[in-house]
2 protein chains.
Amino acid sequence: MSEEHHPHSGHNHNDCIEAALETAEQLCTEQGQRLTKVRRRALELIWESHRPLGAYQLLAKLAEEGFNSAPPTVYRALDFLLAAGLIHKVESMNAFLGCAHADKVHKGYFLICDECHNVMEFDYQDIHASLIARAAEQDFELRSETIELTGLCSACKAAGASA
Amino acid sequence: MSEEHHPHSGHNHNDCIEAALETAEQLCTEQGQRLTKVRRRALELIWESHRPLGAYQLLAKLAEEGFNSAPPTVYRALDFLLAAGLIHKVESMNAFLGCAHADKVHKGYFLICDECHNVMEFDYQDIHASLIARAAEQDFELRSETIELTGLCSACKAAGASA
DNA sequence: TTTCTTTTGTTATAGTATAACAAGAATTAA
DNA sequence: TTAATTCTTGTTATACTATAACAAAAGAAA
């Protein structure tokens, strides 16, 4: 059960997917990028849940649907989606997650549940400001931030407590 | 050149290594853990620089010195050192770094230079507090934090500016 | 010394990612 | 419309990262 519950309360996940795809189309058009079949489908498949998807899991799903099943296919699609800011890579899991705010410049900070593996993306300006400040103290010029927090989400905590 | 400069100004790196090893001996003794030859040497090799070392790089160095050269050897040593809190894994690089504060409970936050690959570990309580607070807002119970910031360190910035 | 536990050796394999070059499709220029 | 160009995909091979499983050896405890 804890594998299935959804971390975003009262949310219709189809809306997530639709919104993500719409944003993707828009961004690609604006930037003269081509959201080809395999790229579009990869994005949809990644968005099927709020759990990060591994490259080879994605490859298997694409292969089922008749796409080419060699690793470069999926890594190219992933590279494209990453570069376009449409997905994030969760470094601590070697897996990929739909970006919830692709239309805004932002940092992807993640809360990853150890139990159900759902991930929530958050974007808090005060943390970003703190990090910039701490880096500046070392005269360090920040370019990218990997912030991945793990633990127990609300639902799994409740489930575990009653178990 | 930028490959060689040292990020910690005015520091004698031998002191780092000695201090790290001494702390390691002490912690292992206290906890009834055995810092065997291969574990000790692995720790030293990781501490040879402030750059994260890959498992297979470490394996190669150990092999040169007559240690067994199969992967499990090095991963076991790494697992031990990680569990003992003597090293950290830099997730975004799949590489390992000596822990600068093994004797204190702390979170490993890293500043990673994209140019010279030196890493500075920092430990700021205000960031930790912010992260806890943000997690709590989602009713999320924090267990681990992966904070890896990349960019340009002071020396590389200076080198690049003059280039 | 026997037993128990921890550590290491060894072989095999699983999982993640990229290099290199050929072929095809879409876009642009002529 | 064709030719040239660029972008994208196909294909094969390989590199890099990590673990499973079981045997042997070493160290600690009884």
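Protein chains get the first letters and strands the later ones, always in sequence-line order, with residue 1 at the start of each. This is a predicted model, so every value here is computed, not measured.
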- Message: Is it the case that the side chains of Asp103(B) and Thr23(B) hold a donor-acceptor pair, with the cut-off being a distance below 3.5 Å and no angle test?
- Response: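 No, because no side-chain N or O of Thr23(B) sits under 3.5 Å from a partner of the opposite role on Asp103(B).
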If you check the Pro72(A) side chain, which of dT8(C), dA20(D), dT12(D) turns out closest?
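Within the option list, the nearest is dT12(D).
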### Query
Any idea which of dT8(C), dT12(D), dA20(D) is nearest the Ala70(A) side chain?
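Within the option list, the nearest is dT12(D).
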Of Arg34(B) and Met93(B), the one whose closest DNA chain D nucleotide lies more 5':
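Closer to the 5' end of DNA chain D: Met93(B).
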| Of Lys89(B) and Thr73(A), whose nearest nucleotide on DNA chain D comes first from the 5' end? |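 Here Thr73(A) is the residue nearer the 5' end.
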- So does Tyr56(A) reach the base of dA17(C) with its side chain, donor to acceptor, closer than 3.5 Å?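 Indeed, a donor on one side and an acceptor on the other fall under 3.5 Å apart.
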For atom [atom1] of [X] and atom [atom2] of [N], their distance in whole Å:
{"X": "Asp79(B)", "N": "dT6(C)", "atom1": "CG", "atom2": "C1'", "result": "15 Å"}
{"X": "Arg40(B)", "N": "dT8(C)", "atom1": "CZ", "atom2": "P", "result": "14 Å"}
{"X": "Leu78(A)", "N": "dA17(C)", "atom1": "CG", "atom2": "P", "result": "9 Å"}
{"X": "Leu81(A)", "N": "dT8(D)", "atom1": "CG", "atom2": "P", "result": "12 Å"}
{"X": "Phe80(B)", "N": "dT6(C)", "atom1": "CZ", "atom2": "P", "result": "13 Å"}
{"X": "Glu91(A)", "N": "dA18(D)", "atom1": "CD", "atom2": "C1'", "result": "16 Å"}
{"X": "Lys37(B)", "N": "dA25(D)", "atom1": "NZ", "atom2": "P", "result": "17 Å"}
{"X": "Arg41(A)", "N": "dT9(D)", "atom1": "CZ", "atom2": "P", "result": "16 Å"}

- Message: For Tyr109(A) together with His128(A), are the ring centres under 6.0 Å from each other?
- Response: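 That pair fails the under 6.0 Å test.
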- Message: Looking only at the aromatic ring of each residue, does the gap between the centers of His50(B) and His13(B) stay below 6.0 angstrom?
- Response: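 Distance test on ring centres: under 6.0 Å, yes.
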Looking at [N], I'd like to know if its phosphate oxygens (OP1 or OP2) sit under 4.0 Å from a side-chain N or O belonging to [X].
{"X": "Tyr75(B)", "N": "dT19(D)", "value": "no"}
{"X": "Asn68(A)", "N": "dG10(D)", "value": "yes"}
{"X": "Arg76(A)", "N": "dA17(C)", "value": "no"}
{"X": "Asn94(A)", "N": "dA17(C)", "value": "yes"}

Discussion item. Quick check: do Cys153(A) and Phe140(B) have side-chain heavy atoms less than 4.5 Å from each other?
Written reply: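 Yes, side chains in contact.
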So, do Pro71(B) and Tyr56(B) sit near enough that their side-chain heavy atoms are less than 4.5 Å apart?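 Yes. Closest side-chain heavy atoms under 4.5 Å.
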